[in-house]
Amino acid sequence: MQFSRLRLTGFKSFVDPTDLMISTGLTGVVGPNGCGKSNLLEALRWVMGETRAKAMRGGGMEDVIFAGAASRPARNYAEVSLVIDNQDRVAPAGFNDSDTLEVTRRITRDVGSAYKVNSKDTRARDVQMLFADAATGATSPALVRQGQIAELINAKPQNRRKVLEDAA
Amino acid sequence: MQFSRLRLTGFKSFVDPTDLMISTGLTGVVGPNGCGKSNLLEALRWVMGETRAKAMRGGGMEDVIFAGAASRPARNYAEVSLVIDNQDRVAPAGFNDSDTLEVTRRITRDVGSAYKVNSKDTRARDVQMLFADAATGATSPALVRQGQIAELINAKPQNRRKVLEDAA
Amino acid sequence: GRERLLTAFEQVNANFTMLFTHLFGGGEANLVMVESDDPLEAGLEIMCQPPGKKLSVLSLMSGGEQTLTCLALIFAVFMANPSPICVLDEVDAPLDDANVTRFCDMLDEMCRRTETRFLVITHHAVTMARMDRLFGVTMQEQGVSQLVSVDLKRAEKLVA
Amino acid sequence: GRERLLTAFEQVNANFTMLFTHLFGGGEANLVMVESDDPLEAGLEIMCQPPGKKLSVLSLMSGGEQTLTCLALIFAVFMANPSPICVLDEVDAPLDDANVTRFCDMLDEMCRRTETRFLVITHHAVTMARMDRLFGVTMQEQGVSQLVSVDLKRAEKLVA
Ligand SMILES: Nc1ncnc2c1ncn2[C@@H]1O[C@H](COP(=O)(O)OP(=O)(O)OP(=O)(O)O)[C@@H](O)[C@H]1O
Ligand SMILES: Nc1ncnc2c1ncn2[C@@H]1O[C@H](COP(=O)(O)OP(=O)(O)OP(=O)(O)O)[C@@H](O)[C@H]1O
Ligand SMILES: [Mg+2]
Ligand SMILES: [Mg+2]
């Protein structure tokens with residue numbers, strides 16, 4: 001199972017549909033302060049089923065919807081889709097009969113989040129399970145937020161142990 | 001009242017007597033990771049009467065004594081002195097009859113800290129007062145530790161207010 | 001008690017708004033007392049709107065924007081009651097080159113307005129170049145620190 | 001439960017010691033369970049000794065040393081159970097040029113050992129130069145992000 005493309009529409013500062021191609025090896029992401037780099041990581045964790053608004057730097061889940069800018073009105077929905085190459089057919093049963101899996105999450109103001117896998121409505125829990133079975137997901141220790149290392153350094157020994165539990 | 005020189009002996013990684021001249025304007029301090037830059041700021045806060053070992057990254061106050069290195073044995077005391085130019089005679093009474101004030105703090109293993117001002121034994125509290133009256137001191141908001149801004153960002157609103165109290 | 005805190009708040013808030021708009025080249029920012037009407041009990045929230053963006057709380061901004069905003073707050077407090085010495089330990093780490101330059105402009109402004117002596121610990125080449133003098137800390141002998149004077153031009157070698 | 005956690009601990013500890021000595025060019029490091037004999041209740045302490053320095057807990061090391069040590073821990077966990085994707089958001093901010101280079105060497109090693117795809121968000125010129133490709137995020141229109149492909153040579157202009 002390999003991740004190949006992340007598409008953002010109306011997600012935080014990415015109001016226009018934007019594709020991030022995910023290739024092998026090391027891909028660098030650069031740009032000035034505040035231009036949207038961390039928003040890309042948040043979009044990835046969000047489409048994988050992130051449930052805690054605090055982990056998205058927000059007060060509520062709707063904070064990820066594009067809120068408007070100098071010359072653009074606010075949107076009323078945000079959508080992120082992740083395309084997964086499944087040619088090795090290691091996806092869980094129920095998702096394992098195609099070469100490509102496209103996981104999509106959309107949140108609509110005052111309505112809430114809805115997930116689809118290859119256009120079929122899917123429960124949040126099944127999306128989370130799909131990624132957990134692939135040794136990844138919104139809480140994967142391999143997704144290191146900005147400032148998370150400082151938190152790990154300052155954490156009490158009890159809270160640091162959670163890092164180990166993700167490996168078990 | 002102007003600070004002119006900080007001298008460290010046996011303080012953390014500064015085992016040999018080292019003078020940091022403090023001049024007007026902007027003085028930069030550079031060097032690789034782990035070479036001792038932050039130890040200089042800790043020495044300054046320490047000689048001004050820092051009482052919390054946690055604020056010195058240590059478990060106990062004796063953690064500031066040079067603990068030894070590959071080719072050097074541990075020391076049994078640490079000393080820091082701060083030279084203050086007092087030509088404008090604005091120091092508090094009791095300290096105000098000389099052009100220069102030298103504040104010295106020494107900690108000896110199993111004995112504890114002792115302060116001197118111009119070679120005269122002084123209580124910790126009077127040293128803290130001396131600096132507080134000069135709008136500085138170990139807890140001055142103008143002494144910004146490494147990582148302190150991240151703490152301010154993540155702090156609950158109640159804890160952030162302490163910054164304001166230092167200004168009042 | 002309450003009076004002094006409110007007066008300090010007013011002054012710091014005015015300084016903060018001024019410094020924020022300087023550092024961000026525009027926009028708006030304000031300190032807000034929250035969670036209680038009593039200033040001795042209230043918490044401090046920071047509302048900011050960089051140019052062209054929406055007003056939001058500090059936590060919704062980017063890492064670099066949050067850092068720049070906190071520097072505006074720290075120096076707003078500093079201006080209200082300048083200290084003889086100010087030490088900044090790697091505060092510029094999350095800033096890009098453009099923002100480091102604005103941060104250094106603010107330090108120059110503080111030098112003009114006060115008698116304060118500044119010690120700035122940094123890994124940033126842009127910051128080093130803006131200093132009046134440089135000291136290098138080295139560990140030629142493992143575990144033993146030494147202080148040396150550094151030629152501004154030779155600074156790049158020392159930071160690596 | 002307890003069995004699995006202890007097995008994971010052993011493996012991660014072995015990886016951690018190996019990665020630490022790689023990143024620091026020597027020295028010693030260990031994970032230690034503290035505060036309880038029951039692994040399900042214990043906390044995690046990190047003991048480390050960079051080359052030529054004294055053994056101490058994580059909190060007594062420098063900011064850059066603490067960051068490098070935590071990177072060793074994060075990748076020790078990663079090696080025990082590699083994920084298809086790994087994203088690192090400005091983890092190299094507190095590192096000097098020499099340590100950033102060692103961090104990039106470790107990333108190359110992870111690329112050799114696993115199929116994992118890496119996204120590395122950075123402001124560091126050294127890190128950018130070590131990437132296989134670069135994407136730039138820009139806000140030409142205020143408040144609106146766009147993604148562009150970046151020529152590795154032109155990268156320096158974009159970061160400022
Ligand atoms: N719902 C939203 N609608 C529009 N813009 C948003 C929304 N949420 C966040 N933003 C904007 O996104 C920007 C933050 O982007 P991000 O955190 O990705 O920056 P960054 O590139 O990581 O910067 P840094 O280098 O400082 O970490 C903020 O300036 C914020 O105004
Ligand atoms: N009591 C002590 N005796 C000897 N060495 C000590 C003592 N306490 C701390 N050290 C050493 O001082 C070093 C830390 O120095 P410091 O934190 O000043 O580094 P730094 O230059 O600020 O690095 P960075 O750029 O990573 O922040 C550590 O490597 C530690 O081993
Ligand atoms: Mg960011
Ligand atoms: Mg430091």
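First the proteins, then the strands, lettered A, B, ... as listed; each starts at 1.
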Query raised in the report: Is a donor on one side and an acceptor on the other found under 3.5 Å between the side chain of C/Lys53 and the backbone of A/Gly34?
Result: yes
Query raised in the report: Do the side chain of A/Asn33 and the main chain of C/Glu65 share a donor and acceptor less than 3.5 angstrom apart?
Result: no
Report summary line: Honestly, the part of C/Pro51 sitting under 4.5 Å from a heavy atom of chain A is neither
Query raised in the report: Tell me, side chain or backbone of C/Leu95 under 4.5 Å from chain A's heavy atoms, or both, or neither?
Result: both
Query raised in the report: Do other residues, nucleotides or ligands put more than 12 heavy atoms under 6.0 Å from A/Met61 CE?
Result: yes
Query raised in the report: Does C/Asp37 CG have over 12 foreign heavy atoms under 6.0 Å away?
Result: no
Query - Closest approach of C/Met61 to A/Arg57 (non-hydrogen atoms, all atoms of both residues) - result: O-NH1, 3.0 Å
Query raised in the report: Roughly how far, to the nearest 0.5 Å, is CE of A/Met56 from CG of C/Leu60?
Result: 10.5 Å
Report task. Below 4.5 Å from any heavy atom of chain C, which atoms of A/Asn39 appear? Answer side chain, backbone, both or neither. Result -> neither
Query raised in the report: Who among A/Ser71, A/Gly36, A/Gly68 has the most heavy-atom pairs with chain C under 4.5 Å?
Result: A/Gly68
